[in-house]
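Fair warning: this is a prediction, and the values are worked out from it, not measured in the lab. Side chains included, hydrogens not; waters and symmetry mates left out as well; all remaining heavy atoms used. We name chains A, B, ... by the order of the sequence lines, and we start the count at 1 in each one.
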Amino acid sequence: MEQRNPTLRSVGWLWFGIAVAVLVVGFRQAIFLTPTDAAQGDAGRIFYYHVPTAMLSLIFPYLNFAASLAYLFWRTRDPLKALSADAFALASAEVAVVYASITLITGSIWGRVAWGIWWTWDARLTSMLLLWLLYVSYLMLRRFSATGQSQTLAAVLSVFAAVDVPIVYMSIRWWRTQHPAPVFGGGPNSGMDKSMLPAFFWNLAAWAIWGIFILIFRFALQRRRQFAEQEAALQAIEASLEIPQ
Amino acid sequence: MTYLHHVLDHLRKDLRLEWRSRDSINGMLFFALLVVVVFGLAFDPAGYPTTTRQISGGVLWVALLFASITALNLSWARELRNQVLEAQRMAPAPASALFVGKALANMLFVLVVEAFLAPIFIVFFNLHVLGNVWLLALILPLGTWALVVNGTFFAALGLRARNRELLLPLLLLPISLPALLAMVQATTGVLTADLDAIQINTWIKQLVGYDIIFTTICILLFETVLNAE
Amino acid sequence: MTYLHHVLDHLRKDLRLEWRSRDSINGMLFFALLVVVVFGLAFDPAGYPTTTRQISGGVLWVALLFASITALNLSWARELRNQVLEAQRMAPAPASALFVGKALANMLFVLVVEAFLAPIFIVFFNLHVLGNVWLLALILPLGTWALVVNGTFFAALGLRARNRELLLPLLLLPISLPALLAMVQATTGVLTADLDAIQINTWIKQLVGYDIIFTTICILLFETVLNAE
Amino acid sequence: MPQEMSTAATTRPATLANAVQLDSVSKIYGSFAALRNVSTTFSAGSCTVILGENGAGKSTLLRVVAGLINPTRGSVTIFSESPHQQRRRMAYMSHSPMLYDELTAMENLTYFAGLHRSGGCACVGSPEMALRAVGLDPGLNRPVGQYSQGMRQRTSLARVLQSDPELLLLDEPFSNLDAASAQHMVELLADFRTWPVLGGGSRTILMTTHQTALAKPLADNTLTMRNGQVLGPEGGE
Amino acid sequence: MPQEMSTAATTRPATLANAVQLDSVSKIYGSFAALRNVSTTFSAGSCTVILGENGAGKSTLLRVVAGLINPTRGSVTIFSESPHQQRRRMAYMSHSPMLYDELTAMENLTYFAGLHRSGGCACVGSPEMALRAVGLDPGLNRPVGQYSQGMRQRTSLARVLQSDPELLLLDEPFSNLDAASAQHMVELLADFRTWPVLGGGSRTILMTTHQTALAKPLADNTLTMRNGQVLGPEGGE
Ligand code: HEM
Ligand SMILES: Nc1ncnc2c1ncn2[C@@H]1O[C@H](COP(=O)(O)OP(=O)(O)OP(=O)(O)O)[C@@H](O)[C@H]1O
Ligand SMILES: Nc1ncnc2c1ncn2[C@@H]1O[C@H](COP(=O)(O)OP(=O)(O)OP(=O)(O)O)[C@@H](O)[C@H]1O
Ligand SMILES: [Mg+2]
Ligand SMILES: [Mg+2]
């Protein structure tokens, strides 16, 4: 078991420490060091939390997709590997939901300040909401189905969800959008002011490190649960084997 | 060819089962009708004809969506009743034929409901279609198939879960939202004549793409779902 | 007093059953959310704020209606599972206590869902309440009780029918239409401030009357329904 | 509640009172008669076993006696009243357990005990004692849904026993039980018959089964049904 | 398909081939082991009866052999292949009838025969013959839902027999049957074992039951299970 391993455990603590440290640096950069945005005032600082989490929340679903495919592939060939793929899929789905939630919340707070409304059915926002809904329904399925079958069914649903996400993007591209255009790789006016860059990258790094930390932590937890279950079953088998027949 | 025969066998069986009871179709029809009435009461169509035209595409699809959700659940509950499903799993015929047969049967049922509902809907909401009516004959089946193919699949997926009836909408709605969006936009576009031909075309193309992609995935993954213990 | 004890026993049991799984509440909550999103996509509230205000009362109640229908069915399905219902019928405790206990439990569940849903609804539909918000705190529970008391009753009525899930909406919707009308009108009136206080008052009075009448009828007739073979 | 062996049919003083009386009872489903003009009585204190092939109407008879279905024609009286009024004095156990899967055995039993109370407190039965009597641990903290079939059947028996019924109706109590569990249940029932009744009456048992051998030691009378009619040795008269 | 009496266990030439082979099979539900390291073989042509108390894992074993559940560990081979690949040669009958209530017996059987065909026409089984073999009238125009339990059980048997299986899995085929129907079913099964197989193999039967007396005349071997393990005389070796 990986968690019982002391070196891995200290690596885990180290990673946690780094995550917290970088989050603190990012916070300092974003709140105290960067000049106030001319147009939006201090509310513009939500940018440093909204955009990194938004970007990351688009990555975790694909980790979930990859893990689910791996699960489906290994399901009959190598059940043990399949189990760890499943644990990873579950962990990444949960992290995806968390990050999407943060994006939605920071976004709507920002929207309240910038646009005067909490929500609008604009392409970006709607697609983000759908992403959130898809992965919440993934977690719901895992809750509702009986033990033993939930993993396969969840993996199947994950394939659907992953196919759906690009379709969502495509299908609402034609809507008029209120949400700002992409900062990177957009038109000639895209890109951000130099003064904002350090804060942005510190925060992006911080949220990425933090996300990976909770992903692995959740993964290890789920693995431990799986091992405990297996061990209990194994013990039951072994105990019964000792009884002379 | 054998595959086709199997699909037809399943389809015939489902139609026969439905014919013996007629529960699904009658239920769906009445349910959809009620939803239309509820919306009629809630929104007062006569008072605001323009508003009505704007929302009626949405109302139509929402009514069909909820009506079909119950019927889709029923269609698998039949297989579950005497554990017939286990017999299906033991049969050497390909699993996906069962899926295709059932999806086709459900498609037929919902189409029948639509055929009854459409005129009633128009009368009730006092609609004058401003756009090209014939486009609706394309949009309706495409949208229906999008609902039905995913619905049949997810009803099977939730089959052995604790609260089947509750689970299906929870899974189906998020997955079908893009299709729903396309259907509603296209339908409303035709009703109000607000969208030009190119825009409607785009929505229809998306619907076709959605149908093709999801039908393929469903067929590929159905066996896995059926045999997930 | 004994009656009250029995009601509390039943209520406690239902709450405990729900607490063990939390399926109904979670499911209802997510389902209601989905319905709101579906309507949001279908009707595009941001585009037409006035239209939105006009229809959102209807949308809110329709969402709650659909969400609670599934949960109401589930609440009786539990009694059916191991034929516990027969044990209930054999028990010397008054049958209507069972009904009241279950209706109260369902009321609690739906109220919890409403408490979560209301803010989300306001955010998604971008609503500014133009009338007196506090009236809503009166209208919501009254309307909910109207839905729940009839829903619990009709779910019990359809309990032994072949297609339970389909039957409940078919029975419940027509019976609840007057209450639904009152709720929707009163809610919309408060949201748009179109209606004056006297009109809203009238709707609320109607709702109260409906609640009293139907609660009485349900309690009186429940034993008959339970023992109808 | 000691679990002594008392399997042999204890010959009891023949009380004259009838526990159950059926007067030309018919039950018709659609156009199919599940019970045809059944007239019979079961005297208080007796144990009657009803035999008969599938579809003979055994379960229907029991459910009519329990008051769960109303006969199409004829009348049923339990202790000289309608089954509905005598619910407090009888208990019915069908082959499904009639328990909530999500609750533990104790929670289930406490709840059902509550349904039987008439005053403020639930003091009619005592769930712990009933559970001990059937050989289950009242402290077991697992929902009934996770019990094995035999344990569930025993819990179900505890449910009917705790209400201290004078008339006990059992529909195939041994089906799906293995031989040892079935034997255990037979002993329990024999024991149950010896429990004293508060008001000074006696315990009546009415059961159906296909496993004749098991039920024989218990039975005072056997009754055979066929095609909705009672043939065989008439019980209780 | 004549229904002669051939109840006595016909001693067949011991074929060396194994019909079913289980290699240290375990099945774990959550943390509960329903099957524990079961290794056993059933030789082709034998009839094995599995006994054991409730929850011993008999049904689980049968379902693992049928390929309806995958073992958590270990492997199952049917005629040297996976159960999935040998579906065509085996049939499984559980205690629920696995029939559509709304269809008549003929419609049900025709439909299931169709699922077995590999070419254009459904010529594998012949529903009429199977129905006659179990003593039902193929022309009977009533939906199966209105049949009595015994008739339904027979229809269910016809369903599995029509596919002409070489390996027949029966889970408590006699439960809920009255004595006469059960006896009839035993005779049918004995008869079934004498039917010739097209390719020249032999018929293997694997069944669970609690009614030992009924199954005895059929059985070549019996096998006892307890707590998910196979005890008793090992079958088929
Ligand atoms: C609930 C509301 C909102 C949601 C769900 C949301 C969602 C998103 C998403 C998904 C991204 C994409 C990240 C990427 O493509 O890598 C993003 C980026 C961004 N958002 Fe929001 N957003 C919301 C509100 C807002 C508001 C109100 C503002 C400012 C007025 C805003 C400003 C930005 C900016 C500047 C970016 C970076 C653009 C880019 O690089 O693509 N967002 N948001
Ligand atoms: N609700 C019902 N509707 C229609 N027919 C019914 C119903 N309940 C029972 N029957 C019929 O009544 C007859 C008697 O049924 P019953 O359950 O009493 O038989 P039984 O003697 O208990 O048989 P078994 O030994 O199989 O339990 C059967 O033929 C059955 O089909
Ligand atoms: N889906 C499941 N989930 C959890 N446990 C299960 C499941 N199916 C079976 N079990 C457990 O596995 C054990 C063996 O069950 P099985 O049905 O094989 O017993 P059996 O020998 O057929 O008993 P019976 O004679 O009662 O039919 C039981 O303890 C049962 O509770
Ligand atoms: Mg019976
Ligand atoms: Mg079994």
Side-chain angles (χ1 to χ4, degrees), chain C residues 1-27 74-102 105 109 156 159-160 162 222-229, chain D residues 27 29 59-60 62-72 83-104 107-122 124 143-145 147 149 152-153 155-156 159-160 163 165 167 169 171:
Chain C
M1 269 317 286
T2 320
Y3 190 83
L4 193 66
H5 271 291
H6 282 307
V7 169
L8 288 182
D9 269 358
H10 290 297
L11 176 61
R12 202 173 317 123
K13 181 259 302 174
D14 269 330
L15 293 182
R16 189 178 269 153
L17 286 179
E18 174 61 29
W19 182 249
R20 290 278 149 88
S21 64
R22 267 178 247 109
D23 286 348
S24 295
I25 286 202
N26 282 341
L74 277 186
S75 83
W76 282 109
R78 275 178 189 149
E79 305 285 330
L80 220 51
R81 210 170 290 156
N82 291 323
Q83 299 194 359
V84 193
L85 197 67
E86 308 226 309
Q88 297 280 13
R89 288 175 59 198
M90 290 286 298
S96 60
L98 173 65
F99 172 75
V100 176
K102 202 171 271 298
F109 300 155
L159 211 47
R160 270 152 294 178
R162 240 178 318 154
F222 183 71
E223 180 145 18
T224 316
V225 165
L226 187 66
N227 287 322
E229 279 150 46
Chain D
K27 176 69 203 178
Y29 287 115
S59 303
T60 310
L62 241 59
R63 291 164 61 80
V64 163
V65 171
L68 285 173
I69 48 185
N70 294 321
T72 315
H84 197 87
Q85 288 159 312
Q86 291 290 349
R87 282 188 177 166
R88 204 169 286 282
R89 288 165 77 186
M90 63 176 162
Y92 167 69
M93 173 180 160
S94 81
H95 39 258
S96 55
M98 295 179 162
L99 298 166
Y100 292 100
D101 277 349
E102 294 89 352
L103 302 183
T104 67
E107 286 168 344
N108 263 300
L109 264 64
T110 317
Y111 171 66
F112 282 109
L115 296 186
H116 275 264
R117 72 170 151 206
S118 39
C121 81
V124 175
V144 171
Y147 282 13
Q149 201 148 17
R152 229 176 291 177
Q153 206 108 332
T155 317
S156 178
R159 181 184 69 75
V160 293
S163 71
L167 172 61
L169 309 169
D171 197 357

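With values rounded to the nearest 0.5 angstrom, C:R89 atom CZ is found 10.0 Å from D:H84 atom NE2. Once rounded to the nearest 0.5 Å, the distance linking CG of D:N70 with CG of C:N227 reads 8.0 Å. Rounding to the nearest 0.5 Å places CD of C:Q83 at 4.5 Å from OG of D:S94. Distance CG/D:L115 to NZ/C:K13: 8.5 Å, rounded to 0.5 Å.
In plain terms, the two heavy atoms of C:P92 and D:R88 that are nearest each other are CB-NH2, 3.6 Å. Closest approach of C:N82 and D:S96 over heavy atoms only: O-OG, 3.5 Å. Counting all heavy atoms, side chain and backbone alike, C:D9 lies closest to D:Y111 at O-CE1, 3.9 Å.
Looking at C:R20 and D:L103, their side chains come closer than 4.5 Å, going by heavy atoms from C-beta outward. Side-chain atoms of C:R16 and D:E102, non-hydrogen and from C-beta on, never get closer than 4.5 Å to each other.
When heavy atoms are compared at a cutoff of 4.5 Å, D:N108 does not approach chain C at all. Within the 4.5 angstrom heavy-atom criterion, only side-chain atoms of C:E223, from C-beta onward, approach chain D.
In this structure C:D14 satisfies the side-chain hydrogen bond (donor to acceptor under 3.5 Å, both in side chains) test together with C:K102, sequence neighbours excluded. D:T104 meets the side-chain hydrogen bond (donor to acceptor under 3.5 Å, both in side chains) test with no other residue; sequence neighbours excluded.
Ranked by heavy-atom pairs shorter than 4.5 Å toward chain D, the options C:E79, C:R12, C:R78 are led by C:E79. Interface remark: of the candidates D:R159, D:M93, D:M90, D:R63, D:R63 forms the most heavy-atom pairs closer than 4.5 Å to chain C.
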